[in-house]
Number of protein chains: 2
Amino acid sequence: MSVLYVAGIGPGSDAFLTSEARMAIERADVICGYTVYVDLIRDRYPDREFITTPMRQEIKRCRMAMEAASRGRTVAMVCSGDAGIYGMAGPLLEMSPEYPDVDIQIIPGITAAVSGAAVLGAPIMNDFCVISLSDLLTPWPVIEKRLRAAATGDFCICIYNPMSKKRPGHLARACAILMEEKPADTVCGWVRNIGREGQESDILTLGELAGAQLDMFTTVFVGCSETRVINGRMVTVRGY
Amino acid sequence: MSVLYVAGIGPGSDAFLTSEARMAIERADVICGYTVYVDLIRDRYPDREFITTPMRQEIKRCRMAMEAASRGRTVAMVCSGDAGIYGMAGPLLEMSPEYPDVDIQIIPGITAAVSGAAVLGAPIMNDFCVISLSDLLTPWPVIEKRLRAAATGDFCICIYNPMSKKRPGHLARACAILMEEKPADTVCGWVRNIGREGQESDILTLGELAGAQLDMFTTVFVGCSETRVINGRMVTVRGY
């Protein structure tokens, strides 16, 4: 039985890596991941084998990791944020019946909903939803249905992949849907490059968010009816 | 300006502590938290001052931490899981206008939705909600509204505080509401004592979950229409 660790490494800097994730990387013969993230840690582990693939080649990356593990190597697949939230834990487990000799161990990490919230204040102090606006893997009508449901439930909402060059209008469309239910002055916020060089953030209204020009390195937070700006921070009041 | 760190320490064991949270605890003169959690780390920091309060005395705890910081001490308020998800980041920021000389720094941690998911497989690989069934701070009709909204949106749902001695029927009521929309054979799972001694977990159907006897140390996961059992793990298929 060889081990394939699937480890979330948090938002990018070492500060948010857990001991468990560090240990998995240190134990591995082969480190596997998205080219951009693996390049960040490559220099620290000069004696390891690296397997990287660019974006949109996630399945190929998983297959290569599984093949290496089934040849007896200890493999660490690293994911930014958490491995189980829009990460590689799912596709690897889907392949697992084909590789009965590989023990997949999933190591949790700090996802952007959690690290971004800490930058803005405490926006998801109460019940919340996480929704990705990327329609590469989820059809847009399903995303719309979830936005409407989240607004109806008065959840705090954390939005991943709010827009990209290929999807410049997604965030504005999402805000328009949310404003069918939520007032335009609902407190919102965004954080870009969380925990990395060039971290930026802003607190603004839902109406203003609809016109904001963001990118795929940004995580967005939409407040609920209990969300306020207190001392410049975005805080969802829980009513203690 | 003195610093008050609000640090999530993850599910309990050192393995899931981030470097940043460890550093905050090490820098602090005063360590503050819920009695049970602070007792876990007390022996490691024999030269520190400790401030603890039992459950239901969260506001008193926050006030004591703020007072200590405003007297010039460096304070670390530790929370299990993440500080910003049902944690102490919110109430402390709500008090911040009264303490302009205290710099509140929030350090994210691994919340039970993330650590519990890793134990079960990959149940929240796609859009998900987190809902607490505790009606101490949120009225039950609001919780019901959110459960209905989450079911309508076909979200994966992570449930905190599924039941306790005082709320023995909450999980069964929640499952009945979810079954108005979701089939009774929806894949579900639960994890108890995540990352701690005596960790247990199970995968079962929504119909079975309605009759399960769990407790407040358990985190529950309810799948969406894309959730399957693969090789004994709970996996939400994302359609790569």
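The model shown is predicted, which means the values in this text are computed figures rather than measured ones. All values below come from the heavy atoms of this structure, side chains included, with hydrogens, waters and symmetry mates left out.
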Measure distances from [X] to the heavy atoms of chain A and classify the residue's part below 4.5 Å as side chain, backbone, both or neither.
X	result
B:Val237	both
B:Arg22	side chain
B:Ala113	neither
B:Ile104	both
B:Val235	side chain

Non-hydrogen side-chain atoms of [X] and [Y] separated by less than 4.5 Å:
X	Y	value
B:Ile131	A:Phe155	yes
A:Val142	B:Asp154	no
A:Ile106	B:Arg233	yes
B:Thr18	A:Ile110	yes

If you measure from [atom1] on [X] to [atom2] on [Y], what distance do you get to the nearest 0.5 Å?
X	Y	atom1	atom2	result
A:Glu58	B:Arg238	CD	CZ	8.5 Å
A:Asn231	B:Glu98	CG	CD	10.5 Å
A:Arg228	B:Leu93	CZ	CG	14.0 Å
A:Thr236	B:Glu94	OG1	CD	9.5 Å
A:Ile157	B:Asp127	CD1	CG	11.0 Å
A:Arg146	B:Asn126	CZ	CG	5.5 Å

Considering only heavy atoms and a distance below 4.5 Å, find which of [options] pairs most often with chain B.
options	answer
A:Gly195, A:Gly84, A:Ala122	A:Gly84
A:Ala15, A:Gly8, A:Cys129	A:Ala15
A:Ala149, A:Gly121, A:Pro108	A:Pro108
A:Ser132, A:Gly116, A:Pro100, A:Ala117	A:Ser132
A:Leu147, A:Leu17, A:Thr152, A:Asp82	A:Leu17
A:Ala89, A:Gly87, A:Ala150, A:Ala21	A:Gly87

Please say whether more than 12 non-hydrogen atoms of neighbouring residues, nucleotides or ligands are located less than 6.0 Å from [atom1] in [X].
X	atom1	value
A:Tyr99	OH	yes
B:Tyr45	OH	yes
B:Glu180	CD	yes
A:Arg44	CZ	yes

Heavy atoms of A:Gly90 and B:Met125 approach each other most closely as N-SD, 3.6 Å
Check A:Val114 against B:Gly109 and note the closest heavy-atom contact, atom names and distance.
CG1-O, 3.4 Å
Among B:Phe16, B:Phe128, B:Tyr86, residue most engaged with chain A (heavy-atom pairs, under 4.5 Å)
B:Tyr86
Chain A interface, residue from B:Pro97, B:Pro123, B:Cys156 that has the most non-hydrogen pairs under 4.5 Å
B:Pro97
Can you say whether A:Ala151 sits under 4.5 Å from chain B via the side chain, the backbone, both, or neither, judging by heavy atoms?
neither
Taking side chain as everything from C-beta outward and backbone as N, CA, C, O, which of these in A:Asp14 sits under 4.5 Å from a heavy atom of chain B? Side chain, backbone, both or neither.
backbone
Where the side chain of A:Ser96 meets the backbone of B:Ile230, is there a donor-acceptor pair that is under 3.5 Å apart?
no
